[in-house]
Amino acid sequence: MEAINVMKGYDKVDHHQHRAAIHSLRTHQRLKTAVTISAIVLLTLIIGLMLAVLIRESNTEEQQRLDAAESIKTVCSVTQNPDSCFTALSSSLNISSTTTKPDPEVILKLSLQVNVNHFSNITSSIKSLYGDHLEVALRDCMDQLRDASSRLNDSMSELNATLTDRTVNDIQTWISAAMTDEETCLDGLEEMGSTVADEVKAMMKKSKELLSYSLAIIANIRTLLQKFGLHMH
């Protein structure tokens, strides 16, 4: 009988231990589940925040592009060919590095830089086509183009300072002189019967258009500044 009672005691102990083990296992599982859910929620929040930041940055960049495009359209509206002006200048503006809406002065400087780059491309093309064996008229033409580039660089330097009536007049004079340099180049080629005059004319056609954009912008700079809520000093 005593042995039977002892066995019953062991059965009770084993039963309690079994229940305790099951309770411990369930508690562990619930804890594990809670940790897993918390981790998923946290990860979801992190992903949501990252997406929100990316969307915000994307929207900001898109707004910068729209603002820049609108500014260029406004400035190009004073030229004889607004659509071509917009295409030429908007393709040259680095939107990704533009943190503020470009104003007329920035766009004017951009148009001048586009001209300088185009002059450089023309002289490089002439050199690649004809090497060092250039006709006298063509050499004179390249000198004229270098002078034109120098005048435009002077104009850009002036824009680094405060824009005044004197500055505007100087820039208008330099751009007009650059256009004269271009015409002198072509006139010289035609007068000397150069065989490359037509080829150089073709390369300069775009340059003439670009210079006309810059000249129109500087001629209307006061009105353009007012449209942007800015004023001359």
Is there a side-chain contact (heavy atoms from CB on, under 4.5 Å) between Asp170 and Arg166? Walk through the geometry before answering.
CA-CA 6 Å; Asp170 286 344; Arg166 183 191 64 78; 2.6 Å; yes
Leu152 side, atom CG; Ser214 side, atom OG - distance, nearest 0.5 Å
7.0 Å
Do Ile175 and Asn115 have side chains that get closer than 4.5 Å, going by heavy atoms?
no
Output the distance between atom CD1 (Ile217) and atom OG (Ser77), rounded to the nearest 0.5 Å.
9.5 Å
In short, Leu89 meets Leu110 closest at the heavy-atom pair O-CD2, 3.4 Å
Kindly compute the distance separating CD (Glu105) from CG (Leu230), expressed to the nearest 0.5 Å.
7.5 Å
Tell me whether Ser212 contacts the main-chain N or O of Glu209 through its side chain, where contact means a donor paired with an acceptor under 3.5 Å.
yes
Other hydrophobic cluster members with Leu45, side-chain heavy atoms of Ile/Leu/Val/Met/Phe/Trp/Tyr under 4.5 Å, chained?
Ile37, Val41
Hey, is the main chain of Val106 close enough, under 3.5 Å, to the side chain of Asp103 for a donor-acceptor pair?
yes
So, applying side chain to side chain contact (heavy atoms under 4.5 Å, CB included) with Asp83, which one of Thr79, Thr87, Asn81 is it?
Asn81
Pair Cys141-Leu186, side-chain contact (heavy atoms from CB on, under 4.5 Å): steps then yes or no:
CA-CA 7 Å; Cys141 180; Leu186 293 174; 5.7 Å; no
I need the Trp174 CH2 to Glu158 CD distance, nearest 0.5 Å.
4.0 Å
Mind listing the side-chain donor-acceptor pairs of residues 68-76 below 3.5 Å, one per line with the distance, residues two or more places apart or on another chain?
| from | atom 1 | to | atom 2 | distance (Å) |
| --- | --- | --- | --- | --- |
| Ser71 | OG | Asp67 | O | 3.0 |
| Ser71 | OG | Pro102 | O | 3.1 |
| Thr74 | OG1 | Glu70 | O | 2.9 |

To the nearest 0.5 Å, what is the distance between CG on Leu112 and OG on Ser157?
10.5 Å
Strictly by salt bridge (charged side-chain N to carboxylate O under 4.0 Å, His left out), give each pair with a member in residues 216-233 just once, sequence neighbours left out.
Asp165-Arg222
Would Thr164 and Thr167 count as a side chain to side chain donor-acceptor pair (under 3.5 Å) if you check the C-alpha gap in whole Å, the side-chain angles of each, and the deciding distance to 0.1 Å?
CA-CA 5 Å; Thr164 62; Thr167 304; 3.0 Å; yes
Is there a side-chain contact between Leu210 and Ser111 in this structure, where contact means two heavy atoms from C-beta onward sitting under 4.5 Å apart?
no
Can you confirm whether Leu163 sits close enough to Ile221 that some side-chain heavy atom of one is under 4.5 Å from a side-chain heavy atom of the other?
yes
What residues form a side-chain contact (heavy atoms from CB on, under 4.5 Å) with Glu182, not counting sequence neighbours?
Phe119, Leu145, Met204, Ser207, Lys208, Leu211
Do Asp140 and Gln144 have side-chain atoms, one donor and one acceptor, less than 3.5 Å apart?
no
If we only count heavy atoms from C-beta on, is the Ser120 to Asn117 side-chain gap below 4.5 Å?
no
Between Asp147 and Arg151, is the closest basic N to carboxylate O distance under 4.0 Å?
no
Quick one: salt bridge (charged side-chain N to carboxylate O under 4.0 Å, His left out) pairs with a partner in residues 108-124, sequence neighbours left out?
none
Sequence-distant partners of Asp143, salt bridge (charged side-chain N to carboxylate O under 4.0 Å, His left out), two or more places apart
Arg146
Separation of Thr173 OG1 from Asp154 CG (nearest 0.5 Å)
12.0 Å
